[in-house]
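For reference, the structure is listed below as structure tokens.
Quick note: numbers below take in every heavy atom, side chains included, and nothing from hydrogens, waters or symmetry partners. A note on names: the letters A, B, ... follow the listed sequences, proteins ahead of strands, and every chain is numbered from 1. Note that the coordinates shown come from a computational prediction; the quantities given were computed from them, not determined experimentally.
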Amino acid sequence: GNSEEKAESGKDGEGLKIAIVTSLTGVDDGNFNENNYNGILSFIKNHPTATVKAIKEETGDPAAGVQAVADIVADYDVIVTPGFQFAGISSVALENPDKTFILIDSEPTPVGDQTEFDNIYSMMFAEQESGFFAGMAAALETKSNKVAVVNGIAYPSNVNYQFGFESGVNYANKVFGKDVEVVELSGYAGTDVTGADVGGNYAGSFGDEATGKVIGNALIKKGVDQIFVAAGGTGNGVFTAVKEAKGDVKVIGCDVDQFDDGVNGSENIVLTSAAKFMGMNVEKQLNAIVDGSFKSGNVVLHADTDSTGFIKEEGRHQLSEGTLNKMNEAYELVKGGKIVPASNFNGHTPEKFPGL
Amino acid sequence: MDTVIIDGLSFALPLFIMAIGGIYSEKSGITNLALEGFQGFGAFIGALSAILIANAFGTDIQDLFYVALLFAMVGGMVFAIIHAVLCIKFKANQVISGVVINILALALTTFLTTQINSLVFGTASDKFQLGVMERFTISGLADIPVIGAIFTNVYPFEVIIIVIAIFAWYLLYKTKFGMRLRACGENPHSVDAAGVDVAKIRYTAVLISGLLSGLGGMCFAYSISANFSSSIYMGYGFLAIAALIFGNWKIIPTLAACLLFGFAKSGGAFIAQSMALPSSYTDLFMILPYVVTLLLLIFFSKSNRAPKALGEIYDKGKR
Amino acid sequence: MSDYIVEMKHITKRFPGIVANDDVSIGIKKGEIFALLGENGAGKSTLMSMLGGMYEPDEGEIYIRGEKVTISSPNHAAKLNIGMVHQHFKLVSDYTITENIILGVEPIRKFAGLFPYVDIRNANRKIEELSKSFGLEVDPTKKIADLNVSMQQRVEILKVLYREADILIFDEPTAVLTPQEIEFLLEIIKGLRDGGKTIILITHKLDEIKKVADRCAVLNKGKLVDVLDVKTTSVNRMAQLMVGREVSFEAEKAPAEFKEEVLKVEHLTVKNEDGFEVVKDVSFTIRGGEIFAIAGVADNGQVEIADAIAGLTKVSGGTIFLGGKDITNETIRNRTEAGISYIPEDRHSFGLFLDFDLATNLALKQYYREPYSSKGILNKEEFEQSGSRLIDKYDIRSGQGVKTQVRSMSGGNQQKAIIAREIELQSPLMIFVQPTRGVDIGAIENIHKMIIEERDRGKAILLISLELDEIMNVADTIGVIYNGQLQKIASRESLTTNEVGEYMMGAKHE
Amino acid sequence: MSKDNKNINLRNRLIRLMRKEKWQSISIPLVAIIMSFIAAAIVILLIGKNPLQAFCNLFQGAGILPKPSYAGYKSMLTDFMSLLNAMTPLLFASLAVAVAFRAGLFNIGVAGQMLVSGFFATIIVGYSGLDAIIAKPLVLLIGIIAGGLMGGLVGWLKYKFNINEVVSTIMLNYIAQYIISFFIQMYYINPVSRQSQYISEAARLTLVNVEVGDLKMDIPLGFVLAIITAILIKYVMDKTVVGFDIKAVGSNRNAAKYSGINVGRNTVLAMVISGSLAGLAGVTYYLGYYASIQPKVLSDIGFDSIAVALLGNSHPIGVIFSSSLISIIDQGSTYMSSQAGIRQEISSVIVGLILLFSACGVYMKYKISCMSEKVEERKESKS
Ligand SMILES: Nc1ncnc2c1ncn2[C@@H]1O[C@H](COP(=O)(O)OP(=O)(O)OP(=O)(O)O)[C@@H](O)[C@H]1O
Ligand SMILES: Nc1ncnc2c1ncn2[C@@H]1O[C@H](COP(=O)(O)OP(=O)(O)OP(=O)(O)O)[C@@H](O)[C@H]1O
Ligand SMILES: [Mg+2]
Ligand SMILES: [Mg+2]
């Protein structure tokens, strides 16, 4: 509706004032937040008069997140908020119709029965697609025929990764005749937002490195040699466990290209990373605001916009030629909707989904 | 079962070396709640030095863990100067000084980590990424049932800690420095009258506690995540203090207390895992070390005796 | 240049708000026993602390063996062969005798030629020899915590001798000793002198000076009054110089008039923390108008008797009646209410809150009741008014009146404050433990007078003292304790000083 | 020459001013604060930012100074109310520490006591559907009781078994943290926020988003109570027999026993009071500032309050001021970081510095008395 006004205040990106409010890990977490931040920075490169301020909310409490946004909203044109913690900004958005909000990884909290807001663009990703490629990679590269996924908390996005991973393994088993088992430690089953048991290996936190390491070690002990790590900071612990193990164990990174985190002496433990390309989409929306084409809405982004996928740049992965080819083929199928991996709520299961 | 011992030891030993630091400080009469801050700041300096050296000389950071350990000790010691000066020269309340130092350490290191990352390395990151410490297994001994686990997957730092701990014991109980130090915590006036500078001994003691805590902190940084970030502040400093009080300010009983914490911790996780309970139950097992400590304290506290002059501000003139 | 081994010239030392030593000049000859005399706070300890290296003078010069020196630390003093036996022992109670003595000058050996360690075994032997050669026998492996006061003092003396001091300073060494121990110590001091050492002795007890000292300096309010030749000066003259007036040594006292029984202790038994019986089956009674004194060597259970009556220690057997009422299991406060006043032995850690002001300390036993407070609310005005009244009545001297922090008051005045507070309670039973310890003779005279006055008002008084003279002077009835047992109870008149001494040593019993 | 003299004169006058014992409890923390702001200013200068602007932003963010522009429904007043909202638990917690201090006890367990009382109030009242008029007082009552029991336990362990309260509180902190985490995860979890279920508005001690005119603000009901409590504590400590007993036990246990004070009972009592105050901090935090509990997390307030109590000289009125200051710095930091482009962590550094400098208070006092001594002397020698 009022997207034109916004373009005016932005005046071709002239002095567009952007703020990014993050959880306590900040915009320099080398991961999720940073990816979004980089999108803003890349936008600013092309619109040098635009500015960005990074602010973080230290407690991780959703109410505090909203409060932090409310504290600073007056001084900015666009607020970027990565993370479910900021779902509650819908109330702030209603009170400040002249500001634009970009919410990543969550739908805005409904206010009354309003679920969509004129000045909020919320983007979610089909993590199951990225997870699917991770599963394929793991299943195709494993020598022990045992793979696993480690998660943080069973939020939908995390469950999506998990289900996608399992879908990918099943796909490889079926299509390429593999016999790969997905290992789960019984003590770490997850409970999703509806209270359902989704299995998997959930550390129960995105910031508990010690537990991450315990889980990592336990998996390695069970003979797992490919671990997909979708656990935020907890994942560092898994990485450490794998590095110390000194075997043939590899990890698959998550959200962003984690190849640099995998350096282990002269070697690297990162096989590839299952990515969702948030920065690119943030930049896209900022551009849209500037050129007046901004459209609000709650959007789920798929492989068809190249928003999900895996890292295949030369030197940033260690996939074998054959695996890479198989994954590239599958990527086209996912893109074309021939393969629809299971997600938390899309009604499919890792055992039974279109394309299997 | 092996994991219980392996993980238990790799947790208990850094805790132990921090507790020894605490013993040194408290035996000299200076209450030390600042262990947490020392370990954090020490680990910060250790990690920073490793990164800077790797950066400057192009050394593989993987090979720098002894350098990191060394600088962590220096870092812990440097930060301990604050506590020493506050408590000894400025005659501040020692408990308060400790708490303040913890707050300051957390604030400073998180601030500096991001600041240095962006200013010096031009990267945006809130942690210093280190190489992992290579673990080793002593082949013959590792095959012994049960005890073999002690020699399996050992971090080099565990050996270092044991060596330092033995030396610390020798220094505290056998040398004249140790004799004077312990006397400072019992009756500083007697030390002063014997012509020994109480302040100097106490400075040294607090610095040693900083040094050892820095070492402990670096070991935790390596064993938990192989990087430095603010997640190093997990209350282990306070746990070390609890261990040393529980150990009645003596090195050997304190080792026992640390092992209790370590094994109860890894054991708790192990039980929860092997009983296949949902992960929430792990929390119930996690209270094990603390409940056991409290219960044991109920039986042993009566005979527990803190150094007599602990926490007292020493003033020559005051009689 | 001179025949003085120690010379202090025009020494001035100031502390915040006070000139502790004001232009003091003294000379001490080699091989003499030189005494220092003066009221509490006259500056004796301060003057000697400057020789011992604890303080440096603000003005003036110190010459040792003819050479001008600046003694910057106790270590430095030790290098000059000066050693100080402090008024308050500076011992680590957790350490053995040897460890205490060698602290600071530890003999070192090397293990495997590499690791130095403290050679305790050798030190033990050396100290045993040393202690024998001076007639101060001790077991060097014993812990200080297990020693009595007189043994602890031996350790302090050995410490100094171990460092080969030949100028020895004793600060009030006899304040905590029994007559026999004092006798023994004085012999040792004389022996040391005869062995060529120079001794400086600070004491409040004139007879001791008379007995051993060659010369004596008198200080008053920081100034040197005179240096006397002890042989040709009378005790009375010394006292007069010190206090500035005539002092009487005999407490004047009318014959006692006993009234009805106030305190009755039956078969009292008390155990210490280690479960050891320190008071064994003690029974006695005290009547109104009677001063009942317990004589005994330190640590023979007398303090525990007082604590048990006042309620500070648990009783493990026996009964205590006050005015006919069984108070054995009453709380401390109820006992106070029932009529017990208590002047404790340790005024710093029990009798006073050093960080509170004088008014509060004076109200310590009554603050919770009318008129100091009503319905749980304190009445600060009453604190101050009553406090001021007591300050006047008992002549308590303090810098800022009732507002003075008690820590900054002199020991004598602190003691006066406690006595004032306890007398004001008008309790039928008053317990005095070591009421004159460390107090100068002027103040002693006053305190004795007050005790006798209270007796004459019909109070029952329990006096516990290590000073036999004090007991012989003041008591009406004497009980002698040894090893937790009352050896003898008899009227003052029926006992001689010697007899009491023998009972005290356990050499004689009924 | 004369300028020199003037300088000395000024210094002397300053010293004389600071010497007054009565004012020292104010002047020394004040000097500490000024020194730390100077130190922080240097740090900010070093990273190439304007310290004055930064400090100004700090106060703007906390609602003490007006911001140039406000978002919809917001104004300086709403910011100020947020400040009070955040400050309320800190004030209670610092009072808790201060009371224990007075009795010679270190209550390091404030965080655990807060958590326990917050948890019980949450499950008993927060999920009950009781009317506000009953629910709110009940929340306070549960906070007081739960915190008091927990604190009393620590006092009892100390008195009965000689267990050092520093150790027992640390142990109890962990135990509370894990047990409550377990119960929240098992029974009260909100699967979306991964915290405990939000409590009913009726039970909440802060009225949120209250529309006043064209503003929406949070009204912390607990704040008034906290101020009244502080005054009450001051009164109890200074003017009553109970307070006297507690202070006496804190000053010298032997002398307290000798004067007939029941040391054990007063140790427990002081910890009960301290724990109750921590309990109030807990309910105003978990059922006021927030409306739910994060599992496995202890509030920072637990430790900050120790330092705040120190900054306030363990004096109830002093604590009001020190907790305001720390809250201002805390609250303003988001806005400062957003405006001045300085990392938020600098605010924690400032807090750390303030505390560091105020820990030197004893030394300052001593130095001042030395200097004033000298000044006196010089005066004497002149005349
Ligand atoms: N460290 C100090 N700080 C301040 N004042 C002191 C200090 N030491 C001593 N004084 C003061 O100096 C004066 C002299 O004290 P000193 O200890 O020398 O007296 P004294 O003659 O030994 O007394 P006593 O007979 O009680 O032992 C006293 O008034 C005392 O208050
Ligand atoms: N730091 C101080 N400030 C002020 N006065 C002090 C200080 N230290 C000691 N004094 C005073 O110095 C005087 C001498 O002290 P000293 O300990 O020698 O004697 P005392 O108090 O009579 O002790 P005791 O009863 O054990 O002999 C006392 O009046 C004491 O109160
Ligand atoms: Mg003296
Ligand atoms: Mg004296």
Does [X] have more than 12 heavy atoms from other residues, nucleotides or ligands lying within 6.0 Å of its [atom1]?
X      : atom1 : value
B:K200 : NZ    : no
B:K176 : NZ    : no
B:K91  : NZ    : yes
B:F65  : CZ    : yes
B:Y173 : OH    : yes
C:R121 : CZ    : no
B:I147 : CD1   : no

Of the backbone (N, CA, C, O) and the side chain (C-beta and beyond), which part of C:F111 lies under 4.5 Å from a heavy atom of chain B, both, or neither?
->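 For C:F111, there is no contact with chain B at all, as no heavy atom is under 4.5 Å.
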
[X] to [Y] - nearest heavy-atom pair and separation:
X      : Y      : result
C:N75  : B:G195 : ND2-O, 3.1 Å
B:M179 : C:I102 : CE-CG1, 3.6 Å
C:L91  : B:S190 : N-CB, 3.9 Å
B:T175 : C:V118 : C-CG2, 3.4 Å

In terms of heavy-atom pairs under 4.5 Å with chain B, which of C:A78, C:S73, C:P116, C:S93 leads?
->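 The answer is C:P116.
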
Expected output: side-chain B:R180 to main-chain C:G104 donor-acceptor under 3.5 Å =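 At least one qualifying donor-acceptor pair exists.
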
Between B:Y170 and chain C, which part of the residue has a heavy atom less than 4.5 Å away: side chain, backbone, both or neither?
->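 Only the side chain of B:Y170 comes within 4.5 Å of chain C.
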
B:V196 vs C:L103 side-chain heavy atoms within contact, under 4.5 Å =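 No, side chains not in contact.
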
Candidate pair B:R182 and C:D94, rule salt bridge (charged side-chain N to carboxylate O under 4.0 Å, His left out), full reasoning | CA-CA 10 Å; B:R182 285 177 293 131; C:D94 222 27; over 6 Å; no

Roughly how far, to the nearest 0.5 Å, is the NZ atom of B:K174 from the CD1 atom of C:I120?
->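 That separation rounds to 8.0 Å.
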
